[in-house]
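Notes follow the structure.
Note on naming: letters A, B, ... go to the chains in the order of the sequence lines (proteins, then strands), and numbering restarts at 1 for each one.
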Amino acid sequence: MGEKYDFKSVEEKLLKEWEEKGIYRFKQGRKPVFSVDTPPPTVSGSMHLGHAYSYSHQDFIMRYKRMRGFNVFAPWGFDDNGLATERFVEKKLGIKANKMPRGEFTKKCLEVSREAEGEMIRGWKRIGMSVDWSISYHHTVSPEVIKKSQLSFIELYKKGRIYRKKMPIMWCPECGTALAQVELKDKEDDSELVYIRFKVDNGSTISIATTRPELMPACVAVFVHPDDSRYKDFVGRKASLPIFNREVPILADDKVDPSFGTGAVYHCTFGDIDDIEWVIKHDLPIIELVNKDGTFNKRAGRYEGMRSREARKEIVKDLEELGVVEKKEPVHHVVNVHERCGTEIEFIMTEQWYIKYLDLKEKLLEQGRKIKWHPAHMRVRYDNWVNGLKWDWCISRQRFFGVPFPVWYCKKCGRPIIADEDDLPVDPLVDKPRVKCECGSEEFIAEKDVMDTWATSSLTPMIALKWGQDDDFFKGMFPMDLRPQAHDIITFWAFTTIVKSYLHEKSIPWKNIMISGHALDPRGRKMSKSEGNVINPLSVIDKYGADALRFWVASSKLGEDLPFQEKDLVTGRKMINKLWNASRFVMMNLEDFSHEEYKKFNEEKLEPFDKWFLSTLNRAIKKATESFESYEYSRAKLEVENFFWHIFCDNYLEFVKSRIYNPEKRGVDAKRSAQYTLRRGLLVQLKLLAPIMPFITDEIFHRYYPEEGESIHVSEWPKYLEERYAEEREAGDAALAIVGAIRRYKSSIGKSLGYEIKGIIIHTDNPDMISSVGEDIKDASRAVEIDINKQPPAGFKELASGIEGIKLFIYD
RNA sequence: GGGCCUGUGGUCUAGUCGGUUAUGACGUCGCCUUCACACGGCGGAGGUCGCCAGUUCGAAUCUGGCCGGGCCCACCA
């Protein structure tokens, strides 16, 4: 019987209440502050389970820190910048960015993303993010953020860290934009390895193997390995290209793998990343072949206007007709594609803006070491990435929606004109420079590229702390305390943020970084829309409650992935139920024990068994605290869960029932001792669980502990006390073991736990210790009599006590 | 190919700076309708702690090798 816990109405009620009371409000000027660089989610419709997963991890820590007395600063933002949003908007409205004026498209993007953001925020609120929504910076494409991003550009430009250069760059012909190293994805593909014979000027021939015969118009050399005896006499000679009848040098380079194909490779600008290296190393000419739309230019001769795939088919046909194709082998290989659209990338020559950082690898590694990584091994990924950097950071994108460069070019001399810092934000397509060019010209061409998403996202700690806007605020808070994020974007977001902080402030952006894993589907696979295995967190919450979802989320070790299993949500729901019922039980029995009596209670008067309980609880406090301090929320959760269920409910509550129900047996003091312990013990457990399950714990707190404050979430975290009650600990452990043995006995003879035992006799070397909990053992095992070190009369059976030095006899 | 992580009863998982019968949950089986909770309690069955070798008095835990899974990075033209 009794009132049921209705998670739906309680959770909704509390969400309102927290907001109205401003429980999570950041209080300007109050110290100490714990600042969090909250990830701005990409605007893409709705919160997914992966979001619920990693943001809950962040919230566990924020709630813990708040209870530790910190003023938590965690402004929220949205990343509505870049291609992801463009695609989302194009799909949603059925429009194409390149088929309409930029201004109009931008307007649509802003409309759609604002709307989507509202919908998304509801998701984060519903899982119980303890965020002060009034201090969010909202979106990366907003005047304030554009201003800071442009300011960053100008400052780095002035520092000589930014340059514009024409270089071969990875290019997506589909999206029509330059790409950075991080935007690539591997795609497995079936293709053909074509062996083509070239004439050599020594009268012989040389064969090369290639998967990209269509790039022959851009061929500038043939390479062999310097030690390859087959080609000793070829190096330094010239090979003649079929069809194009052009001669190219045969050169040696030890990057050639003699065992692949024929051991000879033809080199084109630009087949892949390594080709660019060879161009520079061997001082070869650059032949531009591919246009920005992916078609071939006039260098391709009769293949002009075709794209790679088509040209490949045609050229192979033509080569076969000429009889220079020796053979074709099917190959299965991996190609680089653009991660957003899956299109194979090309390399083309374009002018782009770059941030120079290749010279800073050592410094960046050093910065990485100054940050505490949780878990520590995640730093290795950062190190590997920094060590593997090959290019400076290309920050320009030929897209439509994003942060514009604050740049114009002089129409006459081509010199770039950088906007004045006081005029920011600027849109060069709309605004004009206020000064003439040095050459005297007053005509300008606007830079119409926009910045790479990460050029802005990398500024989140600086944006959140009002960099370039409120110096005192910024200086007092930078670096931030924590960056929470998932492991997949260590090389994107964590890396670029560290870069920007270093370049601007010569500082780390945050002291700690906490890396979450991913939520996986029930079979341990990645969740993705295309697989159809996506789980909607809001429907999970609907069914089980936010607390249950968070309870599941808290069961993964930091940094590790977790398969979603519905049964785990059932476990969470059971936990909620158990908490509710145990709390009701506790409170039912505290009706004659007022808050005043509780306050006055002298702990010296505690029963030994209650001392045992509080001491065991004290250890749980210690473990939970240490776990949260090291961001290991799952250890904390496990510890408290096990303690609550098995120590508190299964044992402690059962042990004290008799004292409470039948005070005439052991006296009112023993009852008061139990009541004090129940009241205190439950409150401590609720607090330890509050960061994980904020709703149920606060609801119980409101109902039963109104004297303790406005909300459990702004109450004080339980203190760990010095170890004491060593003797009681031993006694309590023994009591549990003995009662366990008797329960086992009752179970083995098919009796209920309420079955009466006539007598218990315990043999021990330490009778004082056992007798201190003798009455508790008697109560919990429903025994009529208990004796210590008495010779067991006939009819007594010996049970295994499970404890060394203790013999147990019973009679029933 | 390089790096990191990981491999524990049917499933998920704790434990991994070595030490008595390897943790808990779900499932399963038996018992218990005990006055907080049957979304409960007690108990049982179920594990060669991926495989092999080594170090050690003793290894799930340390070392080496192998096999499997995941992620990140690089990549054969």
Considering Watson-Crick and G-U wobble pairs with both distances under 3.5 Å, what does B:C71 pair with? B:G3
Just the table, please: protein N/O against nucleotides 4-11 of chain B N/O, every pair under 3.5 Å.
residue: B:C4; atom: O2'; partner: A:His377; partner atom: ND1; Å: 3.3

Under 4.0 Å, heavy atoms only, any strand: does A:Asp383 hit a base, just the sugar-phosphate, or nothing? nothing
Using the benzene-type ring in the case of Trp, are the ring centres of A:His282 and A:Phe223 under 6.0 Å apart? yes
Could you please name the partner base of B:G46, counting Watson-Crick and G-U wobble pairs only when both distances are under 3.5 Å? none
Contacts of A:Arg312 that satisfy salt bridge (charged side-chain N to carboxylate O under 4.0 Å, His left out) - sequence neighbours left out: A:Glu214
Could you tell me which nucleotide pairs with B:A38 by Watson-Crick or G-U wobble geometry, both distances under 3.5 Å, or answer none if nothing does? none
Just to be sure I understand the rule, does A:Gly750 reach a base, reach only the sugar-phosphate, or reach nothing, if contact means heavy atoms closer than 4.0 Å? sugar-phosphate
Remember a base hit wins even if backbone is also touched, and classify A:Ile208 as base, sugar-phosphate or nothing at under 4.0 Å, heavy atoms. nothing
Inspect the surroundings of CD in A:Glu730 and state if more than 12 heavy atoms from other residues, nucleotides or ligands are less than 6.0 Å away. no
With rounding to the closest Å, how many angstrom separate the P atoms on B:G19 and B:G58? 14 Å
Does atom NZ (A:Lys361) have a neighbourhood of more than 12 heavy atoms from anything else shown, all under 6.0 Å? yes
Row check, A:Phe585 ring normal vs A:Lys657 NZ/CZ: under 6.0 Å, within 45°: yes
Go nucleotide by nucleotide along RNA chain B from the 5' end; which of A:Arg744 and A:Phe648 gets its closest nucleotide reached first? A:Phe648
Test: A:Lys746 cationic atom under 6.0 Å from A:Tyr755 six-membered ring centre, within 45° of axis: no
